[in-house]
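Quick notes on the structure that follows.
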Amino acid sequence: MPADLPIDVHKLEAQRRTKRDEVAQLGMLPYGQRTDDLLPLAEAHTHYDQAADKTFQEHKDPARDTRPRVKIAGRVTLHRDNGKLIWMNLRDNTRESFQIAVSKKDCDELGFSLAKLTDMGDILIAEGPLMKTRTGEVTCWASTLRPASKCLIPPPEKHAGLQDIELRYRQRYVDMWANPETTAVLELRSRVISAIRAFLAERGFLEVETPMLQTQAGGAAARPFITHMNALSIDLYMRIAPELFLKRLLVGGLPRVFEVNRNFRNEGLDKQHNPEFTMLELYQAFGNYETIMALTEDIVRHAARTASPAGAAILPFRDGRIDYEQPFDRITYADLFKQHLGFAITERDRVRKEAETRGLKVRTEAGVELDHWFLVNELFETFAEPKLHPYRPTWIMDYPASLSPLTRPKTSDPSLAERADLFIGGMEIGPHYTELNNPDIQSEKFREQLAGVDDEESTFRTFDEDFINALKVGMPPAGGMGLGIDRLIMLLANQPTIRDVIAFPMMKPLG
RNA sequence: GAGGACCUAGCUCAAUGGUAGAGCAGCGGCCUUUUAAGCCGUUGGUUCCGGGUUCGAGUCCCGGGGUCCUCACCA
């Protein structure tokens, strides 16, 4: 029993508090208690027995009532009070709507009183036989009804639901029951990640956990979040990638490792970027980028089958469909470039001229001419990459070595790197590499990277001496990849933004 | 970071610079097969915040906050 109401309580909340207290005064526990043997609403529905219902309707004899009884719980989404008969619709995560009826004659007295005091959004526990209404809807004809929890906050409009995008993200707990699609997406996410874990375990991959708090943020080129550790009086970085630690585990002798976890990048937010995001990163000793590409195709296909109600991995996305069953398309970086620009990436003069003609920046503010490979990539990303088929998973292979400093160059052509990026639905899903394992080359690349950064970046980019030491100990040749899990879920759940697949996306604080 | 749009009752949305409204929810009444139940009656506002222009501002102007979109940034 509440002593005093919070001062600024809204009138509608006050009314709900009053009803809650009336329920308590009647002798019920407004916030419920342990309840065993509850059926999910989707299952309750299937217990209906037509013959038993028919028999009961003919005799109306409680002693010969053989109709199956169910005990269920759910949140009230509709409430129709006909006086001595009250209809309600309950919702749980298994079923959007399941009807119960509470009649003055057939329900116990407490239950009927509770039905009278029920507001939309309350959580109730009902028990009773299953029957069919005149219109054929399977309904639980409650013989008892008890409270499980009170909803003190007025719920969204019952038909339009919660439309306000900001409120949906800020109050996901309301969004989830007001818009069942939200819950469905989060459940799909969970199932897909579980399926990926099981799939990898079956192929001999060991799931590991590596530091999220790091003394230097390595493994990617991104701005990290900085935090502070009191005990050691040092600043720490939230990791931007687990790569350098996973590779240390290869050095240590684990042949196949993966980690599915959060990375943190202190950069902008948009439809495809949240500051914390989930990545599957994976390494296989004695493999190369092609080994991993094949594995990734299997992973993505398996994930898509898990997500597909039909079992076959062909799923709608935006205005089209994506077929994950077919082998993914493959095209080299150089071919895709030539196809859409009309000349080769090696034609230096042509590249510079075309970049200028097409309005790209070809020199810095200070007048220094920009690097050839930088221009190539600008042209590529602006005019070639966007031309990829929007609904066909495609590998872009063999990036210029200059653009992939941490990747092993191709033995047959050292100007190209053994790197492939997977694109699906217009999104970059994950880079794949044959990893560098020569400590001297790695050491050199670290130095080049450090030299090339601006002042701001140089404050947090450092030379990872211990990682070089690990490579000196000897890492087997290996293939590796990072797969953006959030983006994969966007594809599989057909969601337009990364925030729709993250339960609690980053929002600016209010006030 | 730049540009554009938006913010009105608990929710979904209206309102030429001229009395802030509807539907749903709520409250009171009637109702034992309803389906967004129905019928009668009824309450409800810091129009995101702060300034300004004006006889008069939800509406126009300036500043701030938040959200969305586009672009930029982004292995």
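Here is how names work: the chains are called A, B, and so on, in the same order as the sequence lines, proteins then strands, and each is numbered from 1.
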Just N and O in the side chain of [X]: are any of them under 4.0 Å from OP1 or OP2 of [N]?
X        : N     : answer
A:Lys271 : B:U70 : yes
A:Lys84  : B:U34 : no
A:Lys508 : B:G66 : yes
A:Lys116 : B:U32 : no
A:His159 : B:C24 : no
A:Arg80  : B:U34 : no
A:Lys158 : B:A36 : no

Under 4.0 Å between any heavy atoms, over every strand shown, what does [X] touch: base, sugar-phosphate, or nothing? Just pick one.
X        : result
A:Asp164 : sugar-phosphate
A:Tyr433 : base
A:Met131 : base
A:Gly482 : nothing
A:Asp421 : nothing
A:Pro431 : nothing
A:Leu78  : sugar-phosphate
A:Arg170 : sugar-phosphate
A:Lys132 : nothing

Could you check whether any side-chain heavy atom of [X] comes within less than 4.5 Å of a side-chain heavy atom of [Y], counting everything from C-beta outward?
X        : Y        : result
A:Leu282 : A:Ile299 : yes
A:Glu181 : A:Gln495 : yes
A:Leu244 : A:Gln214 : no

Nearest-angstrom distance from the residue atom [atom1] of [X] to [atom2] of [N]:
X        : N     : atom1 : atom2 : value
A:Met507 : B:G66 : CE    : C1'   : 8 Å
A:Gln272 : B:C73 : CD    : P     : 15 Å
A:Asp122 : B:G10 : CG    : P     : 19 Å
A:His273 : B:U70 : NE2   : P     : 14 Å
A:Gln99  : B:A37 : CD    : C1'   : 11 Å
A:Gln163 : B:G23 : CD    : C1'   : 14 Å
A:Leu269 : B:G66 : CG    : P     : 13 Å
A:Asp81  : B:G38 : CG    : P     : 13 Å

How far does the [atom1] atom of [N] sit from the matching atom of [M], given to the nearest Å?
N     : M     : atom1 : value
B:G51 : B:A9  : C1'   : 26 Å
B:U67 : B:C24 : P     : 33 Å
B:C62 : B:U53 : C1'   : 11 Å
B:G18 : B:U35 : P     : 42 Å
B:A20 : B:U59 : C1'   : 12 Å
B:C13 : B:C7  : P     : 11 Å
B:A25 : B:A36 : P     : 12 Å
B:C60 : B:U47 : C1'   : 16 Å

- Message: For A:Thr497 and A:Glu428, find the nucleotide of RNA chain B closest to each by heavy atoms; which residue's nucleotide sits nearer the 5' end?
- Response: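 Result of the comparison: A:Thr497.
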
Who is the Watson-Crick or G-U wobble partner of [N], with both distances under 3.5 Å?
N     : answer
B:U70 : B:A2
B:U35 : none
B:C60 : B:G52
B:C11 : B:G23

Considering only [options], which nucleotide approaches the side chain of [X] most closely?
X        : options             : answer
A:Thr135 : B:U33, B:U35, B:G66 : B:U35
A:Ala221 : B:U33, B:A75, B:U12 : B:A75
A:Trp87  : B:G66, B:U12, B:U33 : B:U33
A:Asp119 : B:U33, B:C27, B:G10 : B:C27
A:Leu167 : B:G10, B:U67, B:C11 : B:C11
A:Asn82  : B:C31, B:A36, B:G26 : B:C31

- Report yes if a donor N or O on one partner sits less than 3.5 Å from an acceptor N or O on the other, where the partners are the side chain of A:Thr133 and the base of B:U35; otherwise report no.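 A donor-acceptor contact between them is present.
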
- Query: Is A:Glu137 side chain donor-acceptor paired with the B:U33 base, going by distance under 3.5 Å alone?
  - Reply: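 Absent.
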
- Message: A:His432 and ring pair (Phe, Tyr, Trp, His ring centres under 6.0 Å): which single residue from A:Tyr399, A:Tyr283, A:Trp395 fits?
- Response: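 The single option meeting the ring pair (Phe, Tyr, Trp, His ring centres under 6.0 Å) with A:His432 is A:Trp395.
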
- Query: Are any of the side-chain nitrogens in A:Glu58 or A:Lys54 under 4.0 Å away from the carboxylate oxygens of its partner?
  - Reply: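 Salt bridge between A:Glu58 and A:Lys54, a charged N being under 4.0 Å from a carboxylate O: no.
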
- Task: Using a strict 4.0 Å threshold on nitrogen-to-oxygen distance, state whether A:Lys116 and A:Glu22 make a salt bridge.
- Result: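 Salt bridge: no.
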
- Task: Could you check whether the rings of A:Phe380 and A:Tyr333 sit parallel, tilted or perpendicular, using 30° and 60° as the cut-offs?
- Result: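 Ring orientation of A:Phe380 relative to A:Tyr333: parallel.
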
- Message: Please identify which of these residues, A:Arg146, A:Lys19, A:Arg75, A:Lys150, meets the salt bridge (charged side-chain N to carboxylate O under 4.0 Å, His left out) condition with A:Asp122.
- Response: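 Exactly one pass, corresponding to A:Lys150.
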
- Query: Do A:Arg172's NZ or CZ and the ring of A:Phe504 fall within the cation-pi criteria of under 6.0 Å and 45°?
  - Reply: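 Judged by the rule, A:Arg172 and A:Phe504 form no cation-pi pair.
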
